[in-house]
2 protein chains.
Amino acid sequence: MDLAEALEKIMSGLSSGRTIIVVGSMHAHYAGRSTSWLAEGDRLLIIKSDKSILIHRPTGYEPVNWQPPGVVINAQITEEGLVLECSRKSPPEILRIVITEVYSAESYRLVDNGEFIIHAREEDMKAAIINSPDIVEPGLRIVETERRIGDEYIDILAVDSSGQIVIIEIKRKRATRRDVEQIVDYATQVEKELGRKPRKILVAPSISKEAASLSMVLRVEYKCFSPRLAYEILSKKKGLDRFL
Amino acid sequence: MDLAEALEKIMSGLSSGRTIIVVGSMHAHYAGRSTSWLAEGDRLLIIKSDKSILIHRPTGYEPVNWQPPGVVINAQITEEGLVLECSRKSPPEILRIVITEVYSAESYRLVDNGEFIIHAREEDMKAAIINSPDIVEPGLRIVETERRIGDEYIDILAVDSSGQIVIIEIKRKRATRRDVEQIVDYATQVEKELGRKPRKILVAPSISKEAASLSMVLRVEYKCFSPRLAYEILSKKKGLDRFL
DNA sequence: GCCTAGGTCCCGTAT
DNA sequence: ATACGGGGCCTAGGC
């Protein structure tokens, strides 16, 4: 396909809100949050209906260059080739794509209202614990979730059977040294605000060796719990709820 | 295009290491690190030559479902439609895609050896500081970079004009409270290992208000420096080097 | 706009 | 395999 024809496909696709797919040889230059040059090669260029842009190489999960939704696109043919200038104001950045050869250029009116449901996330762990605080510790009572202290958010604030405040930080993956530091920071903020030293419990499916030893020093407790288990508990409960 | 024809395109593309692009209506189920269901809708399916898989909706930067490179793909036609089972062992996960209608299915032999160069990253800031430590502070001498203490890495270890050890942590973006905690942690480790309290300098283009106040408390110093400036300094130096 | 925090983050790198 | 840290991370939510 020649460049003029491809430009026509792109322009009409852009104006009608279609998703555009161009396969061809191109190079690109990005300037903004960083600066990059991509030399000539065969790639897949996707321009979505919300004006998000992706340049994909033939390997790898990630696009090599891109723009998030909402850019302004200027397309024209110059002596260099089919030039697409994709820019936005905030942050100030521009992606300049030069297509020199087009193997295919098509646009599609895609209708996608399909629901997307995802589970076994940190959110499910939180829900399971709120529903059954005993998962963390018998006698625990939930006080507040997503409590904001300063600019920070504490996953769960609770009170234990002896009346002591408990901070709970949930992680869906193995807890790291950083996670331990995070909950200690929260505890410092809570103590400043409420005037009492809280207990600190890190809930995660596992904990790294270094994080475990740091948690000893900083008096952070660890409770094993996984997103998968949380999801199973919630599913069962939901299943039962149907019969109640 | 009918499903059988699309299957044929996919199979031949897979066996010849081509990049496959399917536009059509599909639904998908993922089970592994999390669990998700994507209901029927029009999407773009990409199977790259390294067997990375992407399902893109008509909007948004991110794929809604995906698999990183290296999955095993099983494709067949069932009563549900064209079913692709993409699985891997570690971590154990599977993405099952059911294509019910195909608008387009093509494969391309993409040749991409183009170099990709990126600048104005943290790495450039580090290089500029190593080259001219005065950027951080007059009289500073670099001792070591990427020093490993335990499992952690310290960006730059230096000595100031009075002979005191200095830890430098570089951030390409505005420094946060977490960044301050990180360098304090490094300092603790350094003190344990070397027996002397180091100075702590956070180098970043800016610092959040909360991070600034925390840095006062924890005796972390802040030095303003940006990836863009670092890149400009390095470019000039390189330009000069050509004439020396 | 800033700030926080999650993510099937991905990715490189070192042990 | 685990662990750590960067990324133009992106995205959502709050202020």
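We name chains A, B, ... by the order of the sequence lines, and we start the count at 1 in each one.
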How is the base pairing of DNA chain D summarised as a dot-bracket string, given the Watson-Crick and G-U wobble criteria with both distances under 3.5 Å, [ ] for crossing and | for another strand?
|||||||.|||||||

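- Across C:dG7 and D:dG7, the matching P atoms stand 22 Å from one another, rounded to whole Å.
- B:Ile117 places its CD1 atom 16 Å from the C1' atom of D:dG8, with the value rounded to the nearest Å.
- Taking atom CG on A:Asp185 and atom P on C:dC3, their separation rounds to 16 Å, with Å as the unit.
- Here the C1' atom of nucleotide D:dC10 and the CD atom of B:Glu62 are 4 Å apart, to the nearest Å.
- Counting heavy atoms from C-beta on, the side chains of A:Asn131 and A:Ile233 never come closer than 4.5 Å.
- Considering only side-chain N and O atoms, B:Arg178 lies nowhere under 4.0 angstrom from the phosphate OP1 or OP2 of C:dT4.
- No hydrogens or angles were tested; on distance alone, nothing pairs the side chain of B:Glu122 with the base of D:dG6 as donor and acceptor under 3.5 Å.
- Residues B:Gln67 and A:Tyr186 each lie close to DNA chain C; by heavy-atom proximity, the contact nearer the 5' end of the strand is made by A:Tyr186.
- Nucleotides D:dG5 and C:dT8 are separated by 22 Å at their P atoms, to the nearest Å.
- In this structure, A:Arg33 places its CZ atom 12 Å from P of D:dG7, rounding to the nearest Å.
- When heavy atoms are screened at a 4.0 angstrom cut-off, A:Pro68 is found touching base atoms of the nucleic acid.
- Side chains of B:Tyr108 and B:Arg18: a donor-acceptor N/O pair is absent below 3.5 angstrom, by distance only.
- Counting heavy atoms from C-beta on, the side chains of A:Leu110 and A:Ser49 never come closer than 4.5 Å.
- Comment: B:Arg172 does not engage B:Asp124 in a salt bridge, judged by the lack of any side-chain N to carboxylate O separation of less than 4.0 angstrom.
- The nucleotide whose nearest atom lies closest to any side-chain atom of B:Arg148 is, among C:dT15, D:dG6, D:dA3, C:dT15.
- Ranked by how close their nearest DNA chain C nucleotide is to the 5' end, B:Arg88 and A:Tyr153 are led by A:Tyr153.
- Distance CZ (A:Arg174) to P (D:dT2): 6 Å, rounded to an integer number of Å.
- Nucleotides of DNA chain D nearest to A:Ser208 and B:Arg121 differ in position, and the one nearer the 5' end is that of A:Ser208.
- B:Thr100 places a side-chain N or O within 3.5 Å of a backbone atom of B:Ser25 that can act as its donor or acceptor partner.
- Contact between the side-chain N/O atoms of A:Trp66 and the OP1/OP2 oxygens of D:dC9 is not found at any separation under 4.0 Å.
- Ion pairing between a basic and an acidic side chain is recognised when a charged N comes within 4.0 Å of a carboxylate O; B:Glu123 and B:Lys126 show no such pairing.
- No N or O donor and acceptor, one from the side chain of B:Asp151 and one from the base of C:dT15, sit under 3.5 Å apart.
- B:Ser90 comes within contact range of the sugar-phosphate backbone alone, with a heavy-atom separation under 4.0 Å but no base atom that close.
- No hydrogens or angles were tested; on distance alone, a donor-acceptor pair under 3.5 Å links the side chain of A:Tyr30 to the base of D:dG8.
- Computed from coordinates, the B:Asp179 CG to D:dG5 P distance equals 11 Å when rounded to whole Å.
- The residue A:Lys171 sits close only to the backbone: its heavy atoms come under 4.0 Å of sugar-phosphate atoms, none of a base.
- Base engagement by A:Glu93 is indicated by at least one non-hydrogen atom pair under 4.0 Å involving a base atom.
- With hydrogens and angles ignored, no donor-acceptor pair under 3.5 angstrom links the side chain of A:Glu146 to the base of D:dG13.
- Separating the NZ atom of B:Lys173 from the P atom of D:dG7 is a distance of 9 Å, rounded to the nearest angstrom.
- Proximity note for A:Tyr61 (side chain, C-beta onward) versus C:dC10, C:dC9, D:dT11: the nearest is C:dC10.
- We find that NZ of A:Lys209 is positioned 19 Å from P of D:dA1, with the value rounded to whole Å.
- Within the 4.5 Å cutoff, the side chain of B:Glu169 has no heavy atoms near those of the B:Val220 side chain.
- At a threshold of 4.0 Å, the pair A:Arg148-A:Glu146 does not count as salt-bridged, since none of the basic side-chain nitrogens sits closer than that to a carboxylate oxygen.
- The existence of a salt bridge linking A:Arg178 and B:Glu152 is confirmed by a sub-4.0 Å separation between a basic side-chain nitrogen and an acidic carboxylate oxygen.
- OP1 or OP2 of D:dA3 has not a single side-chain nitrogen or oxygen of A:Arg177 nearer than 4.0 Å.
- For A:Pro69 and B:Ile170, each mapped to the nucleotide of DNA chain D holding its nearest heavy atom, the one lying further toward the 5' end belongs to B:Ile170.
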